[in-house]
Structure formats: C-alpha cells, structure tokens
Student: 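Mind looking over this structure? Questions follow.
Bear in mind that the values here come from a model prediction, so they are computed numbers and not experimental data.
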Amino acid sequence: WPNYRLATPYVAVLEEGETLVAPQGWWHYAAALDSSVTVMRNFYSTSNQHELIRRKDQSLERAIADHLLAKRTSFRNFTEQQKAEAARKVVAGVREGIAQGSSLRLRVPG
C-alpha cells in the first residue's frame, strides 16, 4: 500500500441503536469501548452480485480442497496448489451446470 500515508482516517463512536454503513471496498476496523454485541452484515444487489459469487466460490473452493480432496487417496500426493486448482475446476463445473439449468451432478476429479 504505497499511498497509505495519503489515506484519510474516519473515526466514529456509535451509541446504542446506531448503525454505521461503510461503502463497499472500504477498509475498516472496529473496536468495542464497552461490553457489547456487534452485528456485521454485507448487503448485495444486482450491482455487486459478482462480489458475492466470487466470495462464495472461494469459500467453496477452500472447503473442497481442504476437506474433500485432502481425504481422497488419489489426491494424497498433490500439492496444495494442485488441490486448489482441482477445487476451482469443480466449482466451475457447478457454475456451468447452474448456467445451463441442468441437474447438478458433482464429480470430484481424480
């Protein structure tokens, strides 16, 4: 982050019942000044649905690589990068099936 010194920090203290909405892509940090319950929620619409899909696909890829492929004997000698690539292919196949409206038949390669 070569221009971090040029960033303008914003500081706010919220009282009970108040809400802070930060624009998409804004880096943020939050700290509780007292015991509290914090609820964070991301909102998605047609204008930023690609971001939701990208995040969900990445989570699914990690789960497939870490839990499904790691347990298969045919993937025992694969590197983490190879497992990640295989997981990406599985997710791409799921996305393709959804786009074509076909019934989902998940096939893990290998």
Student: Which residues pass the side-chain contact (heavy atoms from CB on, under 4.5 Å) test with Glu15, sequence neighbours left out?
Tutor: Val13, Glu18
Student: Enumerate the ring-ring contact (aromatic ring centres under 6.0 Å, His included) contacts for residues 78-100, please, sequence neighbours excluded, ordered by first and then second residue.
Tutor: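 Non-adjacent pairs meeting ring-ring contact (aromatic ring centres under 6.0 Å, His included): Phe75-Phe78.
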Student: The criterion is side-chain hydrogen bond (donor to acceptor under 3.5 Å, both in side chains); which residues satisfy it with Ser35, sequence neighbours excluded?
Tutor: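 With neighbours one apart ignored, the set is empty.
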Student: Just by modelled atom types, is the Arg55 backbone N or O under 3.5 Å from a matching donor or acceptor in the Ser59 side chain?
Tutor: yes
Student: Kindly write out the residues that satisfy side-chain contact (heavy atoms from CB on, under 4.5 Å) with Ser45, not counting sequence neighbours, or none if the list is empty.
Tutor: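 Per chain and number, Ser45 pairs via side-chain contact (heavy atoms from CB on, under 4.5 Å) with Ser47, Asn48.
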Student: Tracing side-chain links under 4.5 Å among I, L, V, M, F, W and Y, which residues wind up in one group with Tyr10?
Tutor: Trp26
Student: Who else is in Ile53's hydrophobic cluster (ILVMFWY, side-chain heavy atoms under 4.5 Å, direct or via others)?
Tutor: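 None, because no other hydrophobic side chain comes under 4.5 Å of this residue.
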Student: Can you name the salt bridge (Lys or Arg N to Asp or Glu O under 4.0 Å) partners of Arg76, sequence neighbours left out?
Tutor: none
Student: Side chains of Arg54 and Gln58: is there a donor and an acceptor less than 3.5 Å apart?
Tutor: yes
Student: Begin with the C-alpha distance, continue with both residues' side-chain angles, and end with the deciding distance and a verdict on side-chain contact (heavy atoms from CB on, under 4.5 Å) for Ile64 and Leu69.
Tutor: CA-CA 6 Å; Ile64 290 170; Leu69 300 183; 4.0 Å; yes
Student: Go through the structure and list residues passing side-chain contact (heavy atoms from CB on, under 4.5 Å) with Arg5, not counting sequence neighbours.
Tutor: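 Result, side-chain contact (heavy atoms from CB on, under 4.5 Å) vs Arg5: none returned.
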Student: In a table with atom names and distances, give each donor-acceptor pair under 3.5 Å that connects a side chain of residues 81-88 to protein atoms at least two apart or in another chain.
Tutor:
residue: Gln82; atom: OE1; partner: Thr79; partner atom: N; Å: 2.8
residue: Gln82; atom: OE1; partner: Thr79; partner atom: OG1; Å: 3.4
residue: Glu85; atom: OE1; partner: Arg88; partner atom: NE; Å: 3.2
residue: Glu85; atom: OE1; partner: Arg88; partner atom: NH2; Å: 3.3

Student: Going by the ring-ring contact (aromatic ring centres under 6.0 Å, His included) test, which pairs reach into residues 50-72, not counting sequence neighbours?
Tutor: none
Student: According to side-chain hydrogen bond (donor to acceptor under 3.5 Å, both in side chains), who are the partners of Asp66, at least two apart in sequence or on a separate chain?
Tutor: none
Student: Running the 4.5 Å side-chain criterion over Ile, Leu, Val, Met, Phe, Trp and Tyr, what cluster does Leu6 land in, apart from itself?
Tutor: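 Members alongside Leu6: none; it stands by itself.
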